[in-house]
Amino acid sequence: MFFKKIVITAFAIAGLLLVGCQNEAVQEEVETEMRVGIMLSDVGLGDQSFSDAAFNGLIRAREELGIMFDYRELEASGSYEQGLTELVNEDFDLIIGLGFMVKDALEETADKHPDQQFLLIDDMSDKENIASVSFKEHEGSFLAGAAAAMASESGVIGFVGGADVPLINKFAAGYEQGARYVQEDIEVLIEFANDFGAPEIGTTLASRMIDQDADVLYAAAGLTGVGVLQTAQDRGVLSIGVDSDQYVIAEDSVMTSMMKFIDQAVYQSVVAYADQHLDEEVVFGLAEAGVGLAPFRLVNEEAYISKIKEINEAIINGEVVISEMREGAQ
């Protein structure tokens, strides 16, 4: 398949959304033949965030396009490469690797199976048979940091990342810059759990930050982040979720969530593949409605919406430039 390298210009591309009504031949093929396999990120289903969102995108594709899909989880397969190899051996048309931690195994598998089409979600690959979808997490996190600074009464806020790696540092960098855009002298505490599946570590790190007067916490740490949100609720401070709207996890604490529309990215990619328009590289940011904030709760919603809208427009217009990495990050 021939690929073009692009940065997507609108999330709802007309050609993708009109597949069902303009291309009946493709629709019929999807309904009868298209099979999609996915290797989920490390925690797998039930993370109430990343993997669950991707799974929802495939469910939508199954309901609307009639595809068949199956999945593998790290706990069951033992390794990413084993899970991916199983999917290859089952003759799936498109095989998705979810998350940056899957990248190395996906590339190794792609080298061994050059005729198989793969898709990497949340990182970039230069392999010819791997299409890539990534996000401008630093843009959405800038908004989250601005909101945190607006809400903070102590002048101290916190960030918990699942690992000290470039992708997670994009979240931290945007959060820190957004907070200082609103309140220049705010203190931003940053910790890394080195584990995306340990709520108890999230609890420990959150408690330590709260003991240092942090009154708004933001977590980009998978299931570990759930521990952060729940501890924030137990200790009576505000928090910000990630990837999906995590308000239901801690309804007395989560003021908003930094949304990465993983479900939409997976769904749109499946549609694009069915329509033979799967691009080599797609990037979703604020301008493409690929990241953003969930509804505000527990605060004066009207005031926050007005300020965040103003900042959002400034970023899209290029008036605010955000670094993807914080100073001193790996």
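Counting from 1, the numbers follow the sequence of the chain as shown.
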Does any non-hydrogen side-chain atom of Ile67 lie less than 4.5 Å from one of Val270? yes

Taking side chain as C-beta onward, heavy atoms only, is Ile96 less than 4.5 Å from Phe118? no

Evaluate Leu84 against Val88 for side-chain contact (heavy atoms from CB on, under 4.5 Å), listing each step before the verdict. CA-CA 6 Å; Leu84 290 165; Val88 170; 5.5 Å; no

List in chain and number order the residues that pass side-chain hydrogen bond (donor to acceptor under 3.5 Å, both in side chains) with Ser154, two or more places apart in sequence or in another chain; answer none if no residue qualifies. Asp215

Candidate pair Lys260 and Phe171, rule side-chain contact (heavy atoms from CB on, under 4.5 Å), full reasoning: CA-CA 11 Å; Lys260 279 174 64 174; Phe171 289 88; 3.7 Å; yes

Step by step, work out the side-chain contact (heavy atoms from CB on, under 4.5 Å) result for Val36 and Tyr273. CA-CA 10 Å; Val36 178; Tyr273 179 81; over 6 Å; no

Compare all side-chain heavy atoms of Phe296 with those of Ile308 and state whether any distance is below 4.5 angstrom. yes

Kindly compute the distance separating CE (Met258) from CG (Asp245), expressed to the nearest 0.5 Å. 12.5 Å

After noting the C-alpha distance and the side-chain angles of Val102 and Asp122, does the key distance pass the side-chain contact (heavy atoms from CB on, under 4.5 Å) rule? CA-CA 10 Å; Val102 183; Asp122 215 30; over 6 Å; no

Arg297 bridged to Asp252 by N-O distance under 4.0 Å: no

When you measure from the centre of the six-membered ring of Phe69, is the NZ or CZ of Arg35 under 6.0 Å away and within 45° of the axis? no

Excluding sequence neighbours, so at least two apart, what forms side-chain contact (heavy atoms from CB on, under 4.5 Å) with Gln177? Phe142, Ala173, Ile322, Ser323

Indicate the atoms forming the closest heavy-atom contact of Ala54 with Leu98, along with that distance. CB-CD2, 3.5 Å

Going by atom types alone, do Asn169 and Asp164 pair a side-chain donor with an acceptor below 3.5 Å? yes

Pairs involving residues 89-105, ordered by first then second residue, that meet side-chain hydrogen bond (donor to acceptor under 3.5 Å, both in side chains) (sequence neighbours left out): Arg72-Glu90

I'd like to check Val283 versus Lys136 (side-chain heavy atoms, cut-off strictly below 4.5 Å). Are they in contact? yes

Distance col, row Phe192:CZ vs Ile168:CD1, nearest 0.5 angstrom, shows 8.0 Å

Check against side-chain hydrogen bond (donor to acceptor under 3.5 Å, both in side chains), Thr203 and Thr231: CA-CA 6 Å; Thr203 293; Thr231 301; 3.1 Å; yes

Nearest 0.5 Å, please: how far is CG in Asp243 from CE in Met259? 9.0 Å

Heavy-atom side-chain proximity of Phe284 to Val291 below 4.5 angstrom: no

The criterion is ring pair (Phe, Tyr, Trp, His ring centres under 6.0 Å); which residues satisfy it with Phe92, sequence neighbours excluded? none

For the residue pair Gly241 and Val254, what are the closest heavy atoms and their distance? N-CG1, 4.1 Å

Met34 vs Met68 side-chain heavy atoms within contact, under 4.5 Å: no

Enumerate donor-acceptor pairs with a distance under 3.5 Å from any side-chain N or O in residues 216-227 to protein atoms, sequence neighbours excluded.
| from | atom 1 | to | atom 2 | distance (Å) |
| --- | --- | --- | --- | --- |
| Tyr218 | OH | Ser141 | OG | 2.9 |
| Thr224 | OG1 | Asp195 | O | 2.6 |
| Thr224 | OG1 | Gly197 | N | 3.3 |
| Thr224 | OG1 | Ala198 | N | 2.9 |
| Thr224 | OG1 | Ala198 | O | 3.4 |

How close do Gly290 and Phe135 get, heavy atom to heavy atom, and via which atoms? O-CD2, 3.7 Å

Considering residues at least two apart in sequence or located in another chain, which fulfil the side-chain contact (heavy atoms from CB on, under 4.5 Å) criterion with Asn300? Glu302, Ala303

Taking salt bridge (Lys or Arg N to Asp or Glu O under 4.0 Å) as the definition, give me every residue that meets it alongside Arg208, ordered by chain and number, with sequence neighbours left out. Glu191

Looking at residues at least two apart in the chain, or sitting in another chain, which of them share a side-chain contact (heavy atoms from CB on, under 4.5 Å) with Ala179? Ala149, Ile157, Ile186, Val188

List for me each residue that meets salt bridge (Lys or Arg N to Asp or Glu O under 4.0 Å) alongside Glu176, sequence neighbours excluded, and say none if there are none. Arg180

Using the ring-ring contact (aromatic ring centres under 6.0 Å, His included) rule, take Phe55 and Tyr71 through it: C-alpha gap first, then chi angles, then the decisive distance, then the call. CA-CA 9 Å; Phe55 201 76; Tyr71 66 97; 5.3 Å; yes

Find out whether Leu143 and Ile311 are in side-chain contact, i.e. whether some heavy atom of one side chain is under 4.5 Å from a heavy atom of the other. yes

Which distance, rounded to the nearest 0.5 Å, do you find between the CG of Asn312 and the NZ of Lys307? 12.5 Å

Crowded around Glu200 CD? As in, over 12 foreign heavy atoms under 6.0 Å? yes

Might you point out which heavy atoms bring Leu278 and Ser269 nearest each other, and give the distance in Å? CD1-O, 3.7 Å

For Ser239 and Ser253, test the side chains for any donor-to-acceptor distance below 3.5 angstrom and give the result as yes or no. yes

Please set out all donor-acceptor pairs under 3.5 angstrom arising from side-chain atoms of residues 106-114, sequence neighbours excluded.
| from | atom 1 | to | atom 2 | distance (Å) |
| --- | --- | --- | --- | --- |
| Glu107 | OE2 | Ser125 | OG | 2.7 |
| Thr109 | OG1 | Ala105 | O | 2.8 |
| Asp111 | OD1 | Lys127 | NZ | 3.2 |
| Asp111 | OD2 | Lys127 | NZ | 3.2 |
| Lys112 | NZ | Glu81 | OE2 | 2.7 |

Glu63: partners by side-chain contact (heavy atoms from CB on, under 4.5 Å), with sequence neighbours left out: Ile59

Working to the nearest 0.5 Å, report the span between CD of Glu251 and CD of Gln233. 8.0 Å

For the CG atom of Asp263 and the CZ atom of Phe261, what is their distance to the nearest 0.5 Å? 8.0 Å

Glu184 atom CD, over 12 foreign heavy atoms within 6.0 Å: no

Any residue meeting side-chain hydrogen bond (donor to acceptor under 3.5 Å, both in side chains) with Lys170, in chain and number order, not counting sequence neighbours: Glu137

